[in-house]
Trainee: 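I am attaching a structure below and will ask some questions about it afterwards.
Throughout, a chain's letter reflects where its sequence line sits, starting with A, and its residues are numbered from 1.
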Number of protein chains: 2
Amino acid sequence: MKKDAKISNAVIKRLPRYRRYLKELQKKGVDKISSNEFSSLIGYTASQIRQDLNNFGGFGQQGYGYNVEGLYNEISAILGLDKEYKMVIVGAGNLGQAIANHTYYYKAGFVVCGIFDINPRLIGLKINDIEVMDYETIVDYVEQNQIDIGIICTTKDSAQEVADKLCFAGVRGLWNFAPIDLEVPEYVAVENVHLSDSLHSLAYHMNRNYEEKEKAAEK
Amino acid sequence: MKKDAKISNAVIKRLPRYRRYLKELQKKGVDKISSNEFSSLIGYTASQIRQDLNNFGGFGQQGYGYNVEGLYNEISAILGLDKEYKMVIVGAGNLGQAIANHTYYYKAGFVVCGIFDINPRLIGLKINDIEVMDYETIVDYVEQNQIDIGIICTTKDSAQEVADKLCFAGVRGLWNFAPIDLEVPEYVAVENVHLSDSLHSLAYHMNRNYEEKEKAAEK
DNA sequence: TAGATTGTTAATCGATTAACAATC
DNA sequence: TAGATTGTTAATCGATTAACAATC
């Protein structure tokens, strides 16, 4: 890492995308790529690509470009994907179950260790080999198993209470699927997946596209 | 609507959030709110709130503030939430099923009409009263039922092919859960939910927070 | 009318793009 | 060495914040 200045979130949000494209290139057996070639592939300007990467260090080589495998590994390390994360899911409803079943996360170093719910009918159930446990026991479990991430798949009404408990028990990050903005201690990272917000902005863009089409048709 | 200039996506992304907070205020029986009060609640500056809202028209009143219910309705209309949208889900795996079961969307005017899959073992199944149909028949279905939105819950390898078919059949928007960037005609809106990207940026922030904590401890 | 608060213009800040010297 | 392409500084663009006149 090169500079110590805070890196903007806009840059961070682009890193997983860089990484995805680099993975594809690797699969295709591509060894090296210039910022220009990468630009026409990924759709960011070459300038932005170089600027982004230089926030973390000089990964390229003048006159050559970037080594695909090397850059992939660097970005993985920057994101912290060379580590393993232990996670618990709170809420064994549809979404919680879907995430528990999504074995991708396991492969990628994100291990779902347990699922918690208050519903007695769900407690004891096994989802993808992971037991649904009683929410009452979550603090002990998180402490004893050194859980890193809590995944909140509850309703919005219980989400803050769950977040408080998880933070108290020692998680370092929350992946929040409840449609609410959580308050957490500053050392806990929160990443929101607000599905309804996402759907609403889709609706907006659909209607704008429609309006434009209408307007174009008038001419 | 006041101006005709293109409104930046940053503004649009904030609208669903304004709307959520306004809904809560309404529930609490709050009639009016000033940009300053709203600011301390939602965390945007009062200036930004006024600036954002004025992209669409003057919804406030000098010396008074904004009418909560009125503003809620205005934002709903801007987003297009006064309309109904017919949707199909492609991919009846965990995620597809979770979304189909999430009746929230139905209540909010987003109606899941059908689910499609290529797996013969899933075809015929009923999920939340919605039948899983053969993917082969999707183009006819979308055309005949005038489906507005396609929800892509397939693997990344089939996602583009599915997108092509849905666009050809006439959807106006795609809600894409596959970890890939889709190419679509310009009049089709795409909203991505890249869950793994989201998890990766969570990992980044967790590690940065940890580093800062370490650094603080050194002092 | 006086006070409050918006709507809107101007100033600032930050992020993106362009340019080019450094260097492989 | 000559050509290519990065790393980095400077210029531009856009988004956020501040200020204040308009007005309820």
Side-chain angles (χ1 to χ4, degrees), chain A residues 1-18 21-22 25 30-75 78 201 204, chain B residues 1-18 21-22 25 30-75 78 201 204:
Chain A
M1 313 255 161
K2 215 180 139 206
K3 289 168 197 170
D4 223 37
K6 198 177 182 306
I7 288 147
S8 87
N9 205 37
V11 176
I12 306 310
K13 287 279 172 197
R14 284 192 289 270
L15 293 181
R17 187 169 151 141
Y18 285 126
Y21 278 86
L22 288 165
L25 287 166
V30 179
D31 287 339
K32 77 167 188 87
I33 192 160
S34 71
S35 56
N36 251 304
E37 293 166 323
F38 205 10
S39 169
S40 54
L41 193 67
I42 202 171
Y44 303 140
T45 63
S47 216
Q48 179 158 68
I49 293 169
R50 295 201 300 276
Q51 198 75 281
D52 280 354
L53 298 176
N54 270 84
N55 280 304
F56 304 98
F59 301 139
Q61 196 172 340
Q62 280 103 328
Y64 173 86
Y66 298 87
N67 178 274
V68 171
E69 194 186 339
L71 189 55
Y72 176 84
N73 292 334
E74 291 282 5
I75 292 179
I78 292 164
S201 88
Y204 175 85
Chain B
M1 312 255 161
K2 216 180 138 206
K3 290 171 195 169
D4 222 37
K6 197 179 181 310
I7 288 147
S8 87
N9 205 37
V11 176
I12 306 310
K13 287 279 172 195
R14 283 192 289 271
L15 293 181
R17 188 168 151 142
Y18 286 126
Y21 278 84
L22 289 164
L25 286 167
V30 179
D31 287 339
K32 76 165 188 91
I33 192 159
S34 72
S35 56
N36 251 304
E37 293 166 323
F38 205 9
S39 169
S40 55
L41 193 67
I42 202 170
Y44 303 139
T45 64
S47 217
Q48 177 157 71
I49 293 169
R50 295 201 300 276
Q51 197 75 279
D52 280 354
L53 298 176
N54 270 83
N55 280 304
F56 304 99
F59 301 138
Q61 196 171 338
Q62 279 103 329
Y64 173 84
Y66 298 87
N67 177 275
V68 171
E69 193 185 341
L71 190 55
Y72 175 83
N73 292 334
E74 291 282 5
I75 292 179
I78 292 164
S201 88
Y204 176 86

Trainee: Do any of residues 30-45 of chain A sit with a heavy atom less than 4.0 Å from DNA chain D, and if so which?
Mentor: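 Contacting residues: A:Ser34, A:Ser35.
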Trainee: C:dT6 P sits how many Å from B:Phe56 CZ, rounded?
Mentor: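 The answer, rounded to whole Å, is 18 Å.
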Trainee: Considering the options B:Arg17, B:Lys13, B:Arg14, which one meets the salt bridge (charged side-chain N to carboxylate O under 4.0 Å, His left out) requirement together with B:Asp52?
Mentor: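 Among the candidates, only B:Arg14 passes.
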Trainee: Assign the ring pair B:Phe56 / A:Tyr204 to parallel, tilted or perpendicular, where the plane angle (0 to 90°) is split at 30° and 60°.
Mentor: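 Geometry flag for A:Tyr204 against B:Phe56: perpendicular rings.
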Trainee: Would you give a per-nucleotide map of nucleotides 19-24 of chain D, 5' to 3', where B means the base has a protein non-hydrogen atom under 4.0 Å away, S means only the sugar-phosphate does, and - means neither?
Mentor: BB-BBB
Trainee: From the set C:dT6, D:dT16, C:dT16, return the single nucleotide nearest to any side-chain atom of B:Gln48.
Mentor: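 Out of C:dT6, D:dT16, C:dT16, the nucleotide with an atom closest to B:Gln48's side chain is D:dT16.
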Trainee: Report the relative orientation of the aromatic rings in A:Tyr18 and A:Phe38; use parallel for angles under 30°, tilted for 30 to 60°, perpendicular for over 60°.
Mentor: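 A:Tyr18 vs A:Phe38 ring planes: tilted.
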Trainee: Rounded to whole angstroms, how far apart are CG on B:Asn9 and P on D:dA15?
Mentor: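 About 10 Å, once rounded to whole Å.
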Trainee: Minimum heavy-atom separation for A:Ser35 to A:Ile49, with atom names?
Mentor: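 Nearest pair, atom of A:Ser35 first, then A:Ile49: O-CD1, 3.7 Å.
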Trainee: Just to confirm, is there a sub-4.0 Å distance from OP1 or OP2 of C:dA4 to any side-chain nitrogen or oxygen of B:Tyr66?
Mentor: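 For C:dA4, OP1/OP2 do not have a side-chain N/O of B:Tyr66 under 4.0 Å.
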Trainee: Between A:Val68 and A:Leu22, is a side chain to side chain contact (heavy atoms under 4.5 Å, CB included) present by the stated rule, with each step listed?
Mentor: CA-CA 6 Å; A:Val68 171; A:Leu22 288 165; 4.2 Å; yes
Trainee: Can you check the A:Asn55 CG to C:dT16 P distance for me, whole Å?
Mentor: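 The answer, rounded to whole Å, is 10 Å.
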Trainee: From CG of A:Asn54 over to P of D:dT6, roughly how many Å is that when rounded to an integer?
Mentor: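 My rounded result for the distance is 10 Å.
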Trainee: Determine yes or no for a side-chain-to-main-chain donor-acceptor pair under 3.5 angstrom, with A:Asn73 supplying the side chain and A:Gly70 the backbone.
Mentor: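 No.
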Trainee: Determine, stepwise, if the pair A:Glu37 / A:Tyr66 fulfils side chain to side chain contact (heavy atoms under 4.5 Å, CB included).
Mentor: CA-CA 10 Å; A:Glu37 293 166 323; A:Tyr66 298 87; over 6 Å; no
Trainee: Ignoring hydrogens and angles, are the base of D:dT9 and the side chain of A:Gln51 linked by a donor-acceptor pair under 3.5 Å?
Mentor: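 A donor-acceptor contact between them is present.
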Trainee: My validator wants the stems of DNA chain D: runs of 3 or more consecutive Watson-Crick or G-U pairs, both distances under 3.5 Å, written as range with range.
Mentor: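 DNA chain D stems, ordered by first number: C:3-24 with D:3-24.
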Trainee: In whole Å, I'd like the distance from the CD1 atom of B:Ile49 to the C1' atom of D:dA15.
Mentor: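 Whole-Å distance recorded here is 16 Å.
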Trainee: In whole angstrom, what separates A:Asp52's CG from D:dT6's P?
Mentor: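 After rounding, the reported distance stands at 14 Å.
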Trainee: Just how far, in rounded Å, is C1' of C:dA15 from NZ of A:Lys13?
Mentor: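 So the two atoms are 17 Å apart, to the nearest Å.
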Trainee: Hey, could you give me the CD1/CG distance between A:Ile75 and A:Leu53, rounded to the nearest 0.5 Å?
Mentor: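 Reported to 0.5 Å precision, the distance equals 5.5 Å.
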Trainee: Apply the test side chain to side chain contact (heavy atoms under 4.5 Å, CB included) to residues A:Leu25 and A:Leu41: give CA-CA distance (whole Å), side-chain angles for both, the deciding distance (0.1 Å), then the verdict.
Mentor: CA-CA 10 Å; A:Leu25 287 166; A:Leu41 193 67; 3.9 Å; yes
Trainee: Nearest 0.5 Å please: distance from the CD1 atom of A:Ile7 over to the CD1 atom of A:Ile78.
Mentor: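 Here the rounded value is 7.5 Å.
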